[in-house]
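Worksheet: the structure to be examined is printed underneath.
Position 1 is the first residue of the sequence, and the numbers go up from there.
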Amino acid sequence: MTVRDRTVRDMEMPNIKAVRAGSGRTLYVTWKGGAECPVDLRAFVEHFTIFAPLRDDDDAFRAVSVGEWGWNAHWSDTLEISSDTLWRLALEQGGEWLKSWREERRLTQREAAAALGVSLRMWRYYESGEHLLPKTVRLACIGFDATSKAA
């Protein structure tokens, strides 16, 4: 395998750089490339029996750490969530959040993208969950709301 092949493969495989617990059952995941995003695990831990210890125990949930080599979020040897699963959830939830934000303001994709300074093509990637929703776009949405209320 060439160096180029390894680099392409590594870029396609999500790897966690840092993880911290937020409110509720949300993790803030920082990926190897530097992107950070929230991942709501509420439904995930409710669905799978093995995660019962994390459902109601805030201290247990906050004890999350980056697993070996960054390939998972780790609580114990029997409680881990793979980086692939977290990446998939981050893509889905980011797209759903952005679409919901746009629809609540009754904007088209073109209008929302223009208002936030994002290309229409990237907006569609974010909304469809093809690309991770950047923290900067989330912050731009919050800024848009703040300036709209001030006007």
Under a 3.5 Å distance rule, please check whether Ser82 uses its side chain to pair with a backbone N or O of Asn72 as donor and acceptor.
no
Hey, any chance Leu89 and Tyr126 share a hydrophobic cluster, counting ILVMFWY side chains that come within less than 4.5 Å of each other, even indirectly?
no
If I take atom CD from residue Glu130 and atom CZ from residue Arg121, how far apart are they, to the nearest 0.5 angstrom?
10.0 Å
Between Arg25 and Asp56 (salt bridge meaning N to carboxylate O under 4.0 Å), is one present in this structure?
no
Applying a strict under-4.5 Å side-chain criterion to I, L, V, M, F, W and Y, I'd like to know whether Leu54 and Tyr28 cluster together.
no
Flag the pair Arg88 and Glu92 as a salt bridge only when some basic side-chain nitrogen lies within less than 4.0 angstrom of an acidic carboxylate oxygen.
yes
Between Thr147 (side chain) and Gly143 (backbone), is there a donor-acceptor pair under 3.5 Å?
yes
Looking only at atom types and distance, does a side-chain atom of Thr26 sit under 3.5 Å from a main-chain N or O of Gly22, one as donor and one as acceptor?
no
Smallest heavy-atom separation, His74 atom then Gly67 atom, equals CB-CA, 3.8 Å
Regarding Glu36 and Lys135, does a basic nitrogen lie under 4.0 Å from an acidic carboxylate oxygen?
yes
Between Cys141 and Leu98, does a side chain to side chain contact (heavy atoms under 4.5 Å, CB included) hold up when you go through it step by step?
CA-CA 9 Å; Cys141 292; Leu98 190 62; 3.9 Å; yes
Is there a side chain to side chain contact (heavy atoms under 4.5 Å, CB included) between Leu27 and Phe61? Walk through the geometry before answering.
CA-CA 9 Å; Leu27 291 182; Phe61 188 78; 3.7 Å; yes
Roughly how far, to the nearest 0.5 Å, is CE of Met122 from CG of Leu133?
10.0 Å
Closest non-hydrogen atom pair between Arg42 and Asp40, with its separation
NH2-OD2, 2.6 Å
Val66 and Ala18: which non-hydrogen atoms are nearest, and at how many Å?
CG2-CA, 3.6 Å
Aromatic ring pairing Trp75/Phe51, orientation class (parallel under 30°, perpendicular over 60°, tilted between):
perpendicular
When you measure from the side chain of Asn15 to the backbone of Trp31, do you find a donor-acceptor pair of N or O atoms at a distance under 3.5 Å?
no
Counting only N and O atoms by type, is there a donor-acceptor contact under 3.5 Å from the side chain of Arg102 to the main-chain atoms of Leu107?
yes
Polar side chain donor-acceptor pair, Asp145 to Trp101, under 3.5 angstrom:
yes
Is there a donor-acceptor contact under 3.5 Å linking the side chains of Ser100 and Glu96?
no
Verify the distance criterion only: is there a donor paired with an acceptor across the side chains of Gln93 and Trp97 at less than 3.5 Å?
no
Steps toward side chain to side chain contact (heavy atoms under 4.5 Å, CB included) verdict (Ser119, Trp123):
CA-CA 6 Å; Ser119 73; Trp123 188 278; over 6 Å; no
Kindly work out whether a path of hydrophobic side-chain contacts (I/L/V/M/F/W/Y, heavy atoms less than 4.5 Å apart) joins Tyr125 to Val137.
yes
What one should report as the nearest heavy-atom pair of Ile16 and Ala73 is CD1-N, 3.9 Å
Shared hydrophobic cluster, Phe48 / Leu86 (ILVMFWY, side-chain heavy atoms < 4.5 Å)
yes
Can you tell me how far apart CH2 (Trp87) and CG (Leu132) are? Round to the nearest 0.5 Å.
4.5 Å
Should Gln109 and Leu120 be marked as a side chain to side chain contact (heavy atoms under 4.5 Å, CB included) after you check the CA-CA gap, both sets of side-chain angles, and the distance that decides it?
CA-CA 7 Å; Gln109 287 182 333; Leu120 179 58; 3.8 Å; yes
